[in-house]
Amino acid sequence: MSLFHRILPHPILSLSLLLIWMLLNNSLSAGHLVLGAVLAVLIPWLTAPFWPEQVRIRRPGTLLRFTGVVLWDILVANVIVARRILGPVQALQPGFMHIPLDVQSPLAISLLANTISLTPGTVSCDLSPDRRSLLVHALHVTDVEAEIRQIKTRYEQPLKEVFS
């Protein structure tokens, strides 16, 4: 293991932590930058033994596009959910879906489940013991197969490209 990876075992996590720290503090002051940098180095370094696998991002451009798609979907879903809950309750058609998983990486599965839960109107409920399917609840679902296809296309496929 190189010196760089001994100091920064998860460089992308470190960069993300620093960026999030600066955004949360809404400041570019030297003090916040130094404290954020110290935390960005210490947190991944101290937690490295708990990571079961080394994170390798195969296609960073795909990950960036995925992030944009998720942010857009969250924005759109907020509007749709607000309209649905302010409308007649009888119009809602909640339901559960079993989504078969193609991704194998625990990190990719976790990101998929979290992405689904972050999008208003859906929540990941359970992962099958063999990690082959994810149980998802939707606030309003009329075509289960179309919803599954959309989740697999918009979320799972990019994660598969990035982490496989």
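Quick note: residue numbers are just sequence positions, from 1.
- The side-chain hydrogen bond (donor to acceptor under 3.5 Å, both in side chains) pairs that include a residue from residues 37-47 are T47-W51, where partners are two or more places apart or lie in different chains.
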Practice problem: Begin with the C-alpha distance, continue with both residues' side-chain angles, and end with the deciding distance and a verdict on side chain to side chain contact (heavy atoms under 4.5 Å, CB included) for H32 and M22. | Solution: CA-CA 7 Å; H32 282 294; M22 297 307 288; 4.2 Å; yes
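- Contact detail for V103 and E156: the closest heavy-atom pair is N-OE2, 3.1 Å.
- Legend: side-chain hydrogen bond (donor to acceptor under 3.5 Å, both in side chains) pairs involving residues 141-151, not counting sequence neighbours: none detected.
- Pairing each heavy atom of G36 with each of L18, the nearest pair is C-CD1, 3.5 Å.
- I116 and L139 fall into different hydrophobic clusters, where Ile, Leu, Val, Met, Phe, Trp and Tyr side chains are chained together by heavy-atom contacts under 4.5 Å.
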Quiz item: Should L33 and L28 be marked as a side chain to side chain contact (heavy atoms under 4.5 Å, CB included) after you check the CA-CA gap, both sets of side-chain angles, and the distance that decides it?
Solution: CA-CA 7 Å; L33 187 59; L28 292 175; over 6 Å; no
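- A distance of 9.5 Å separates CE of M97 from CG of L134, quoted to the nearest 0.5 Å.
- The heavy-atom pair separating R131 from P106 by the smallest distance is NH1-CG, 3.5 Å.
- Looking at S128, its side chain does come within 3.5 Å of a backbone N or O of S133 through a donor-acceptor pair.
- Two residues are said to be in side-chain contact when any heavy atoms from C-beta on lie closer than 4.5 Å; V70 and Y155 meet this criterion.
- Between the side chain of S14 and the main chain of A40, a donor-acceptor pair closer than 3.5 Å is present.
- Cluster annotation: V141 and V123 are assigned to distinct hydrophobic clusters (Ile/Leu/Val/Met/Phe/Trp/Tyr, side-chain heavy-atom contacts under 4.5 Å, transitive).
- A continuous path of Ile, Leu, Val, Met, Phe, Trp and Tyr side chains, each step under 4.5 Å between heavy atoms, connects L101 with V144, placing both in one hydrophobic cluster.
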Self-check item: From CA spacing to verdict: side chain to side chain contact (heavy atoms under 4.5 Å, CB included), R84, L92
Solution: CA-CA 7 Å; R84 290 203 192 282; L92 290 178; 3.8 Å; yes
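- Expressed to the nearest 0.5 Å, how far OG1 of T119 lies from CZ of R154 amounts to 9.5 Å.
- Scanning all heavy atoms of the two residues, the minimum distance from I148 to P100 falls at CG2-CD, 4.2 Å.
- The shortest distance between side-chain heavy atoms of V162 and F66 does not fall below 4.5 Å.
- Rounded to the nearest 0.5 angstrom, I99 CD1 and R132 CZ are separated by 16.0 Å.
- Between the CD1 atom in I43 and the CG atom in L13 there is a gap of 8.0 Å [rounded to 0.5 Å].
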Exercise. Kindly determine whether L111 and F163 satisfy side chain to side chain contact (heavy atoms under 4.5 Å, CB included), including the steps that lead there.
Key: CA-CA 11 Å; L111 284 173; F163 295 108; 3.5 Å; yes
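- Rounding to the nearest 0.5 Å gives a distance of 14.0 Å between CD1 of I85 and NE2 of H140.
- Pairs passing the side-chain hydrogen bond (donor to acceptor under 3.5 Å, both in side chains) check and including a residue from residues 16-25, sequence neighbours excluded, do not occur.
- Counting heavy atoms from C-beta on, the side chains of I74 and P120 come closer than 4.5 Å.
- Rounding to the nearest 0.5 Å places CZ of R59 at 9.0 Å from CZ of R65.
- Linking ILVMFWY side-chain heavy atoms closer than 4.5 Å, directly or via other members, places L135 and L112 in two distinct hydrophobic clusters.
- Taking hydrophobic clusters as Ile, Leu, Val, Met, Phe, Trp and Tyr residues chained together by side-chain heavy-atom distances below 4.5 Å, L39 shares a cluster with I12.
- Within a 6.0 Å radius of CG in D130, more than 12 heavy atoms belonging to other residues, nucleotides or ligands are found.
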